[in-house]
2 protein chains.
Amino acid sequence: MKLKTKDSNTETDILNAAEVIFQRKGLDGARMQEIADEAGINKALLHYYFRSKQLLFETVFHKAFSLIAPQIKSILDDNSSIEDKIKNFTHNYITFISEHPYLPNFIFQELNRNTDFISKVQKTIGFPTIDKFKKQLEREVKKGTVIPIKAEQLFINILALNIFPFLAKPLIKSITNTDENTFNHLMEERKTEVSNFIINAIKRK
Amino acid sequence: MKLKTKDSNTETDILNAAEVIFQRKGLDGARMQEIADEAGINKALLHYYFRSKQLLFETVFHKAFSLIAPQIKSILDDNSSIEDKIKNFTHNYITFISEHPYLPNFIFQELNRNTDFISKVQKTIGFPTIDKFKKQLEREVKKGTVIPIKAEQLFINILALNIFPFLAKPLIKSITNTDENTFNHLMEERKTEVSNFIINAIKRK
DNA sequence: ATAAGGTTTAACCAAATGGTTAACAAAGAT
DNA sequence: ATCTTTGTTAACCATTTGGTTAAACCTTAT
């Protein structure tokens, strides 16, 4: 029986370092030497544990995506009401991303660079689909509690309002002339602001 | 008097090629040889006209940003009503980006990678600020035509709903299970869908 | 103790890459 | 016509980079 967990685990050190560097510089911008330095180890060890840059990257990307996928799934597959889903997702997502500010950029950038990743990840992770959400929304529209809107459009809007500010942070900070603290405060406000905005937009009057 | 415009202009060829490659691969992922091939010229010519990869990139980035900045400026500085601004921006922006689908990704990615770009660009382009929009919105809130909302938040929401779908295209296509045509159709719908959504959200009932 | 297996390192390597050079071609200017 | 400037190319160069190797170092089961 091989117990690998001596109190300093090289493999974990590498993954953490790779996460930092890849999220900061992207696949192409990252250097293996840089990752090794960040992890405080010899470069050859990276290849000993993860064979190639590509494989190391895919491991990191997969891990990052696994963190975000369940949150999106919660909009689509939970059993709560549309209104509750919007409230919960908005609050939870903004809280989560405030602690992982590089994540969305990293994921969307690499997803755009290499479309294959989606299909790769789709196979290994329980990947959400829109079907259940669609039926739920159609029911509420029929009941008349919600104005007519396509599930796809509402779904896009929910994601957009929550995720975009973090993708556009440098631009937003510059145009609204806010410093780091004020920006964070704006995001904090959005935990309720965004859900009110959406619910206002779709509630029948 | 030096008339440079013989009917094939190498400098323009290079810029067009660089635009394609940089937008597809990013600063780090692009290869000078690849740009030369795309332009159909010798690699040394790139350096003859633009000295270094960095400078060529900055020229391309600047040009790209110059295309988007005036559109954002129109939300902030136009003299029309808030409602008209939202309608016009939504329609114009989605039309514009549908013809330049790589643009937003390119800009936001490089802006996140290298924050200095913002200050560089800010100096050379008439860069929009939020002040005028803020006053306009405060007036409308006081009049009671619009529910209370911070200018910053509304501005972020407008940008988010319009820009995000293009940044998240691969993810959205995958989750909503739509092909290229259906996606384009969704975006076409959004030209009115998004402005209705926003106006619904902020109109006092 | 020591043999065995996993872990770590310094040194090395080939390919790729941004950039340069020197020679050549084309186009104006005189 | 020829001289000068501008545009273009093939060949070259130094450095960077992902990846390999062979030896050294631990840990541990016997």
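Proteins get letters first, then strands, A, B, ... in listed order; numbering begins at 1 in each.
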Using OP1 and OP2 only, check whether a side-chain N or O of A:Thr10 sits under 4.0 Å from C:dT8.
yes

Let's see if you can work this out: which of C:dT17, C:dG6, D:dG18 has an atom nearest to the side-chain heavy atoms of A:Arg31?
D:dG18

At 4.0 Å (heavy atoms only), tell me whether B:Ala30 reaches a base, stays on the sugar-phosphate, or touches nothing.
sugar-phosphate

Any Lys/Arg nitrogen of A:Glu189 or B:Lys150 sitting under 4.0 Å from an Asp/Glu carboxylate oxygen of the other?
yes

Output yes when at least one side-chain N/O atom of A:Tyr49 is less than 4.0 Å from OP1 or OP2 of C:dT8, else no.
yes

Under 6.0 Å between ring centres: does that hold for A:Phe106 and A:Tyr102?
no

Measure the distance from CD1 on B:Ile14 to P on D:dG7 and round it to the nearest whole Å.
11 Å

How long is the line joining OH of B:Tyr48 and C1' of C:dA25, in whole Å?
13 Å

Between A:Met32 and A:Ala44, who's closer to the 5' end of DNA chain D by nearest nucleotide?
A:Met32

Figure out the CD1/P separation between B:Ile21 and C:dG18, and round it to whole Å.
12 Å

Could you state the atom-to-atom distance from CG of B:Asn42 to P of C:dA22 in whole Å?
16 Å

A:Ser174 vs B:Gln122, test: side chain to side chain donor-acceptor pair (under 3.5 Å). Steps then yes/no.
CA-CA 9 Å; A:Ser174 165; B:Gln122 219 166 359; 3.2 Å; yes

Is a salt bridge present between B:Glu180 and B:Lys169, judged by a nitrogen-to-oxygen distance below 4.0 Å?
yes

Tell me whether the side-chain N or O atoms of B:Lys43 pair up with the base of C:dG19 as donor and acceptor below 3.5 Å, since no angle test is needed here.
yes

